[in-house]
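Chain naming here is simple, since letters A, B, ... match the order of the sequence lines and numbering starts at 1 in each.
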Amino acid sequence: MNDILPTDFYHQPTLELAKSLLGTYLVHESKEGTVIGRIVETEAYLGIEDAAAHSYLGRRTKRTEVMFGSAGTVYTYVMHTHCLFNIVANERDIPEAVLVRAVEPIEGHELMRSRRGEKGKGRQVSNGPGKLTKALGITMDFYGWDITKPPLYITKGETPEAIEEGVRIGIDNTGEARYYPYRFWIKDNPYVSR
DNA sequence: GAACGGATGCTCT
DNA sequence: GAGCATCCGTTCA
């Protein structure tokens, strides 16, 4: 796997990056084995001007600190009983990131399913933000990780045939921001969350 | 140190 | 499709 996407790849407008990430391969090498998931659904969070983003109005805390850092940094966040996986985009001091909402298993199906347990059969194994992190073995340990190096990195994948866009999910109480069309997914892919 | 609430998932109807 | 279970980081006292 020498097709690791370089840091430069992440230095682009967040909305562009969200679309560019569709179809790429998210790889995690662990002692249990290697798992690869093709990113099929993403959402963009535009920091300053986006009421749904943790970094809204430049809000800077321990939690959002990495969003202000360099592009290509991993931003993990614990939500309810789950862990969500984001990738910081754009330039330093511009707190924007892309949330990975769903992946399609490419390699390591057995390992993913065993991590998910009985609930993770079929497409249920990774068709959601909290599900994919568990399937891929991503935890808060990767907070601040540089996504361009092993054991957790992204490689060039298959360019999607068609991309669709729509409103984001799970942010019903954020005013106008809930209507922004910042969600992107690969058309007709069965692993898209909903 | 206590209270709060959320970028969800699962079960049941 | 709707309702509820479930925790930990952040925030405030």
Contact pattern, 5' to 3', of nucleotides 2-7 of chain C - B, S or - by protein heavy atom under 4.0 Å
----BB

For DNA chain C, find the residues of residues 58-67 of chain A with a heavy-atom distance under 4.0 Å and give them by number; none if there aren't any.
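The answer is A/R59, A/T61, A/K62, A/R63.
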
Interface residues of residues 126-142 of chain A with DNA chain C (non-hydrogen, below 4.0 angstrom)
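Within residues 126-142 of chain A, no residue comes under 4.0 Å of DNA chain C.
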
Shortest non-hydrogen contact from [X] toward [Y]:
X: A/G47; Y: A/S55; value: CA-OG, 3.1 Å
X: A/E43; Y: A/I169; value: OE2-N, 3.1 Å
X: A/V74; Y: A/I147; value: CG2-CD1, 3.8 Å
X: A/L15; Y: A/A44; value: CD2-CB, 3.6 Å
X: A/D50; Y: A/A177; value: OD1-CB, 3.7 Å

Please name all residues satisfying salt bridge (Lys or Arg N to Asp or Glu O under 4.0 Å) with A/E118, sequence neighbours left out, ordered by chain then number.
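So A/E118 forms a salt bridge (Lys or Arg N to Asp or Glu O under 4.0 Å) with A/K121.
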
Is there a side-chain contact between [X] and [Y], using heavy atoms and a 4.5 Å cut-off?
X: A/T139; Y: A/T76; result: no
X: A/L136; Y: A/M112; result: yes
X: A/L99; Y: A/Y45; result: yes
X: A/R101; Y: A/N127; result: no
X: A/P160; Y: A/R38; result: yes

Heavy-atom contacts under 4.0 Å between [range] and DNA chain B, which residues?
range: residues 42-54 of chain A; value: A/Y45, A/A52, A/H54
range: residues 115-125 of chain A; value: A/R116, A/K119
range: residues 174-194 of chain A; value: none

Could you write out DNA chain B as dot-bracket? Rules: Watson-Crick or G-U wobble, both distances under 3.5 Å, brackets [ ] for crossings, | for pairs with another strand, dot for unpaired.
||||||.|||||.

I'd like the 5' and 3' limits of the part of DNA chain B contacted by chain A, with heavy-atom contacts below 4.0 Å.
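Taking any atom under 4.0 Å from a heavy atom of chain A, the span is B/dG6 to B/dT11.
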
Working to the nearest 0.5 angstrom, can you tell me the gap between A/L5 CG and A/T148 OG1?
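A/L5 CG to A/T148 OG1: 9.5 Å, rounded to 0.5 Å.
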
Which ring pair (Phe, Tyr, Trp, His ring centres under 6.0 Å) pairs, counting each pair once, include a residue from residues 69-105 of chain A, with sequence neighbours left out?
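Qualifying pairs: A/H54-A/Y77.
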
Any pair counted as ring pair (Phe, Tyr, Trp, His ring centres under 6.0 Å), so long as it reaches residues 163-193 of chain A, sequence neighbours left out:
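As it turns out, the ring pair (Phe, Tyr, Trp, His ring centres under 6.0 Å) pairs with a partner in residues 163-193 of chain A, which skip direct neighbours, are A/Y180-A/Y182.
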
If you group Ile, Leu, Val, Met, Phe, Trp and Tyr whenever their side-chain heavy atoms sit less than 4.5 Å apart, what else falls in with A/Y56?
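Its cluster partners, ordered by chain and number, are A/L57.
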
Counting only heavy atoms not in A/R123, do more than 12 fall under 6.0 Å of its CZ?
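Counting other residues, nucleotides and ligands, CZ of A/R123 stays at 12 neighbours or fewer.
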
Residue A/R113 excluded, over 12 heavy atoms near CZ under 6.0 Å:
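No.
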
So what does A/L99 touch, heavy atoms closer than 4.0 Å: a base, only the sugar-phosphate, or nothing?
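The answer is base, as A/L99 lies within the cut-off (heavy atoms under 4.0 Å) of a base atom.
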
Check every strand shown and say whether A/N173 touches a base, only sugar-phosphate, or nothing at a heavy-atom separation below 4.0 Å.
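Sugar-phosphate, backbone atoms only, no base.
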
Can you see whether A/F68 has A/R60 sitting over its ring - NZ or CZ less than 6.0 Å from the centre and within 45° of the normal?
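Positive - A/R60 is close enough to the ring of A/F68 and near enough to its axis.
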
Identified side chain to side chain contact (heavy atoms under 4.5 Å, CB included) partner of A/V27 from the options A/L152, A/I154, A/V35, A/T34
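With A/V27 as partner, A/L152, A/I154, A/V35, A/T34 yield a single side chain to side chain contact (heavy atoms under 4.5 Å, CB included), made by A/T34.
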
Would you mind checking if A/K187 and A/E161 are paired as a salt bridge, meaning a charged N to carboxylate O distance below 4.0 Å?
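Here A/E161 does not pair with A/K187 in a salt bridge, since their nearest N and O are not under 4.0 Å apart.
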
